[in-house]
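Count residues from 1 along the sequence.
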Amino acid sequence: SYCSISIRQNDPWKLYWDSIILGFAIFNSITIPLVLSFDEINDTLYANDFFVVVDWMSNIFFIVDIYFQMDTTYYDSDGEEIFQKSKIRKNYLFSSFTIDLLSSLPIEVLFPGNVLRILNVLKIIRVLRLTAIINKMNVDEETKSLLRMAQLIFDLVLVMHIVGSLWHGICKVRQLWIPPLDWVHAG
């Protein structure tokens with residue numbers, strides 16, 4: 001049976017909504033590695049009202065997005081758009097629901113200073129929607145190719161940002177960056 005209140009996968013409104021979610025994901029992909037690796041940045045950002053408001057808004061939007069994803073049609077392997085609520089929800093539950101749910105929880109509020117705040121990294125996964133947004137855009141193929149190149153550059157910078165922050169976090173915990181002073185007096 002078909003339900004008329006499902007959100008169509010290719011609905012222009014859905015493209016705008018996904019773009020908003022992508023904006024929050026980009027914000028999170030910049031701030032989360034910094035917050036997890038640099039205590040002084042964590043303290044500074046959470047003392048800033050603007051950051052706290054945007055962080056809360058991203059959590060709220062991510063929770064609302066879970067609701068929308070539960071009602072968004074999808075295309076099966078034959079290319080047919082699926083409108084049945086039970087199939088839509090089953091597909092979502094077995095695809096990205098767990099990651100979306102864990103990434104939408106306000107971890108800093110529920111477990112302040114806890115090691116579970118590493119779960120915030122899951123918010124960065126939402127950046128993967130950029131590919132789908134580019135594919136849905138109503139522009140010529142040349143523009144899509146340019147956008148895909150920009151996405152590739154963004155992905156590379158994001159990976160470098162995450163690895164750099166991770167490296168700083170490891171060095172901070174293990175104090176490996178401090179060289180032994182014994183070599184000065186050797187020989």
Side-chain angles (χ1 to χ4, degrees), residues 7 11-72 92 95-137 146-178:
I7 300 168
D11 190 338
W13 177 87
K14 179 82 166 78
L15 178 65
Y16 293 122
W17 175 258
D18 286 344
S19 298
I20 292 170
I21 295 297
L22 178 64
F24 282 121
I26 290 171
F27 169 80
N28 286 326
S29 68
I30 293 167
T31 59
I32 288 172
L34 294 173
V35 165
L36 290 176
S37 296
F38 297 88
D39 293 331
E40 56 277 359
I41 292 178
N42 181 36
D43 297 340
T44 303
L45 286 178
Y46 278 101
N48 183 322
D49 291 338
F50 176 76
F51 174 79
V52 172
V53 167
V54 173
D55 189 48
W56 268 101
M57 284 178 52
S58 73
N59 289 330
I60 292 167
F61 271 73
F62 288 168
I63 289 169
V64 171
D65 187 56
I66 291 173
Y67 174 75
F68 287 157
Q69 293 299 323
M70 288 280 195
D71 290 328
T72 300
Y92 180 57
S95 60
S96 60
F97 173 74
T98 304
I99 291 173
D100 287 351
L101 179 65
L102 290 174
S103 71
S104 64
L105 296 175
I107 300 293
E108 284 297 324
V109 173
L110 299 174
F111 310 103
N114 193 309
V115 73
L116 289 176
R117 67 188 199 152
I118 194 75
L119 290 176
N120 282 329
V121 171
L122 295 174
K123 292 179 182 180
I124 298 172
I125 294 175
R126 292 179 185 254
V127 171
L128 297 176
R129 287 193 183 181
L130 183 55
T131 303
I133 290 173
I134 291 171
N135 289 338
K136 289 181 199 175
M137 292 178 87
L146 289 172
L147 290 171
R148 288 185 185 111
M149 291 293 290
Q151 179 191 3
L152 179 62
I153 293 168
F154 172 76
D155 290 346
L156 290 171
V157 170
L158 177 60
V159 167
M160 289 187 296
H161 173 61
I162 292 170
V163 169
S165 297
L166 180 66
W167 186 253
H168 177 269
I170 290 170
C171 290
K172 179 181 72 174
V173 170
R174 303 276 319 270
Q175 297 293 314
L176 294 176
W177 59 272
I178 301 173

Return yes when atom CZ of Phe68 has more than 12 non-hydrogen atoms of other residues, nucleotides or ligands closer than 6.0 Å, and no otherwise. yes
For Asp11, check side chain to side chain donor-acceptor pair (under 3.5 Å) against everything at least two apart and list the hits. none
Any chance you could measure Ile134, atom CD1, to Leu15, atom CG, to the nearest 0.5 Å? 11.0 Å
Test log, rule side chain to side chain contact (heavy atoms under 4.5 Å, CB included), inputs Phe62 and Ile66: CA-CA 6 Å; Phe62 288 168; Ile66 291 173; over 6 Å; no
Tell me every residue that passes side chain to side chain contact (heavy atoms under 4.5 Å, CB included) with Asp155, counting only those two or more places apart in sequence or in another chain. Gln151
Which residues satisfy the side chain to side chain contact (heavy atoms under 4.5 Å, CB included) test with Ile125, sequence neighbours excluded? Ile99, Leu122, Leu128
Does a side-chain heavy-atom distance below 4.5 Å link Phe38 with Lys172? no
Among all residues two or more places apart in sequence or in another chain, which pass the ring pair (Phe, Tyr, Trp, His ring centres under 6.0 Å) test with His161? none
What heavy-atom pair brings Asp18 and Gln69 nearest, and what distance separates the two atoms? OD1-NE2, 4.3 Å
Applying side chain to side chain donor-acceptor pair (under 3.5 Å) to Asn59 and not counting sequence neighbours gives Lys123
Would a 4.5 Å heavy-atom cut-off, applied to side chains only, mark Ser165 and Leu34 as touching? yes
Under the side chain to side chain donor-acceptor pair (under 3.5 Å) test, residues paired with Asn135 that sit two or more places apart: Arg148
Only counting residues at least two apart or in another chain, list the ones meeting side chain to side chain donor-acceptor pair (under 3.5 Å) with Ser103. Arg126
Return the set of residues passing ring pair (Phe, Tyr, Trp, His ring centres under 6.0 Å) with Phe61 (not counting sequence neighbours), or none when no residue passes. Trp17, Phe24
Quick check for you: to the nearest 0.5 Å, what is the distance between Ile133 atom CD1 and Met137 atom CE? 8.5 Å
CG-CG distance between Leu101 and Leu119, expressed to the nearest 0.5 angstrom: 10.5 Å
Check Val163, Val157, Ile162 against Val159 for a side-chain contact (heavy atoms from CB on, under 4.5 Å) and give me the one that passes. Val163
Nearest-0.5 Å distance, NZ of residue Lys14 to CD1 of residue Ile7: 7.0 Å
Atom pair OG/CD1 of Ser58 and Ile20 - distance to nearest 0.5 Å: 13.0 Å
Side chain to side chain contact (heavy atoms under 4.5 Å, CB included) partners of Ile63, counting only residues at least two apart: Ser104
Contacts of type ring pair (Phe, Tyr, Trp, His ring centres under 6.0 Å), residue Tyr46, not counting sequence neighbours: Phe51
Enter the distance from Asn120:CG to Leu102:CG here, rounded to the nearest 0.5 Å. 10.5 Å
Using the side chain to side chain donor-acceptor pair (under 3.5 Å) rule, collect all pairs that involve residues 19-37, keeping only residues at least two apart or in two chains. none
Residue list, side chain to side chain contact (heavy atoms under 4.5 Å, CB included) with Leu110, at least two apart or on another chain: Leu105, Pro106
